[in-house]
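First up is the structure itself, then whatever we jot down about it.
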Amino acid sequence: MVRIATFNVNSVKARLPNLLAWLKAEAPDVVLLQEIKCVDEAFPALEIEDLGYQVAVHGQKTYNGVAILSRLPLEDITPRLPGATGSEDDQPDAQARYIEALVDGKIRVCCLYLPNGNPISEDRKFGYKLRWMDKLVDRARILLETEPDLPVVIAGDYNVCPTDDDVYDPKGWADDALCRPESRQRFRALLHMGYTDAIRAVTKAPGVYTFWDYQAGAWQKDHGLRIDHLLLNPAAADKLANAGVDRKPRGEQKASDHTPTWVELTLD
DNA sequence: ATGGTCGCCGAGCGA
């Protein structure tokens with residue numbers, strides 16, 4: 001059994017005590033982190049390695065930044081979205097939002113932090129998000145075509161609520177970039193080409209959330225959104241044993257505004 | 001309630 005979790009930590013330095021406590025308590029085999037908000041050199045690798053994890057980081061100053069933690073060997077590490085360009089600031093790979101790696105030679109994991117996209121009136125925000133999603137769809141298709149028998153997990157903070165069941169107030173959020181049809185259409189493109197939304201494969205219940213804003217008592221009122229997702233290619237979906245959201249970290253002191261989401265695959 | 005709350009870093013942006 002291999003357990004893979006995704007967790008937007010909203011600064012790995014500010015969240016280090018919470019992250020270390022959660023790693024000790026849950027000991028997932030692989031953890032995909034988003035919004036580490038630091039350069040590679042500032043990533044607290046020693047503390048995490050002490051818990052038995054190997055670390056692959058794609059950092060950036062102040063904003064964004066992603067990382068993969070693994071108790072199993074990592075190889076084939078690619079700290080960018082393959083196929084995307086990044087020389088200009090408006091190009092999909094200009095920001096540190098993607099890293100992928102092969103775990104123990106048997107699972108490819110892709111860790112992403114998709115652009116938020118608000119406000120939808122600004123092309124440098126919403127247009128950037130949609131172009132970034134187009135590049136992700138391209139990459140997802142290439143992975144299906146080139147290694148269909150290798151389990152692949154594409155997970156992270158998608159900044160997309162796939163349906164109104166994933167939003168506490170669908171009418172209030174209808175014109176937000178997280179809920180717009182253009183964002184949802186691109187998310188569905190991933191499902192239509194053969195990827196499985198792991199949470200939706202184990203429950204059809206509405207109101208499963210992974211993010212609660214810091215403002216206005218959103219956590220206390222359960223005013224949440226489901227925007228952190230684990231998508232499985234058919235080879236991985238065949239091995240799906242369970243999936244869920246771990247709400248406990250969101251209730252701790254100094255919590256991130258996101259909480260971990262996980263999947264278990266029956267692989268040796 | 002024309003704000004609210006965090007984290008970046010030391011003003012205002014991003015979420």
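For the numbers below, each heavy atom of this structure counts, side chains included, while hydrogens, waters and symmetry mates do not. By convention in this document, chain letters (A, B, ...) are assigned in the order of the sequence lines, proteins followed by strands, and residues within each chain are numbered from 1.
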Next on the checklist: Whole angstroms only, please: what is the OH-P distance between A:Tyr113 and B:dC8?
Outcome noted: 13 Å

Checklist entry - If you measure from the P atom in B:dG7 to the same atom in B:dG3, how many Å do you get, rounded? => result 22 Å

Next on the checklist: Measuring from the side chain of A:Tyr63 (C-beta onward, heavy atoms only), which nucleotide among B:dG7, B:dC9, B:dA15 has the closest atom?
Outcome noted: B:dG7

Checklist outcome for this item: 5'-most contact on DNA chain B (nearest-nucleotide basis), A:Asn10 vs A:Gly117, goes to A:Asn10

Item to check | Side chain of A:Arg124 - closest among B:dA15, B:dG14, B:dC8 | outcome: B:dG14

Next on the checklist: Could you check whether any side-chain heavy atom of A:Leu144 comes within less than 4.5 Å of a side-chain heavy atom of A:Pro234, counting everything from C-beta outward?
Outcome noted: yes

Next on the checklist: Does a side-chain N or O of A:Lys61 approach OP1 or OP2 of B:dC9 to a distance below 4.0 Å, or not?
Outcome noted: yes

Checklist entry - How far, in whole Å, is B:dG4 from B:dG12 if one measures between their P atoms? => result 16 Å

Checklist outcome for this item: From CG of A:Asn8 across to P of B:dC8 the rounded distance in Å is 13 Å

Checklist entry - Could you state the CG-C1' distance from A:Asp228 to B:dA15, rounded to the nearest angstrom? => result 13 Å

Checklist entry - Separation of A:Arg15 atom CZ from B:dC8 atom P, in whole Å? => result 8 Å

Checklist entry - Between B:dG14, B:dC8, B:dC6, which nucleotide has the shortest distance from any of its atoms to the side chain of A:Tyr214? => result B:dC6

Item to check | Interatomic distance, A:Lys254 NZ vs B:dC8 C1' [rounded to whole Å] | outcome: 12 Å

Item to check | Integer-rounded Å distance: B:dC6 C1' and A:Lys37 NZ | outcome: 8 Å

Item to check | Integer-rounded Å distance: B:dC8 P and A:Gln60 CD | outcome: 14 Å

Item to check | Which residue lies more 5' along DNA chain B, comparing A:Asn116 with A:Ala255 via nearest heavy atoms | outcome: A:Ala255

Checklist entry - Is any side-chain N or O of A:Lys125 closer than 4.0 Å to OP1 or OP2 of B:dA15? => result yes

Next on the checklist: When you compare the side chain of A:Phe126 with that of A:Asn118, does any pair of heavy atoms fall below 4.5 Å?
Outcome noted: no

Checklist outcome for this item: Only residue of A:Asp164, A:Asp197, A:Asp165 satisfying salt bridge (charged side-chain N to carboxylate O under 4.0 Å, His left out) with A:Arg226 is A:Asp197

Checklist entry - When the distance from CG of A:Asp257 to P of B:dG14 is rounded to whole Å, what number comes out? => result 17 Å

Item to check | Chi angles and distances behind the salt bridge (Lys or Arg N to Asp or Glu O under 4.0 Å) call for A:Asp268, A:Lys106 | outcome: CA-CA 9 Å; A:Asp268 300 329; A:Lys106 63 189 182 191; over 6 Å; no

Item to check | Nearest-angstrom distance, C1' atom, B:dC9 to B:dC13 | outcome: 11 Å

Checklist entry - Considering only B:dC9, B:dG7, B:dG4, which nucleotide approaches the side chain of A:Gln215 most closely? => result B:dG4

Next on the checklist: Taking the basic N atoms (NZ, or NE/NH1/NH2) and the acidic carboxylate oxygens, is any pair closer than 4.0 Å for A:Arg250 and A:Asp222?
Outcome noted: no

Checklist entry - When you compare B:dA1 with B:dC6, how far apart are their P atoms, in angstrom units rounded to a whole number? => result 23 Å

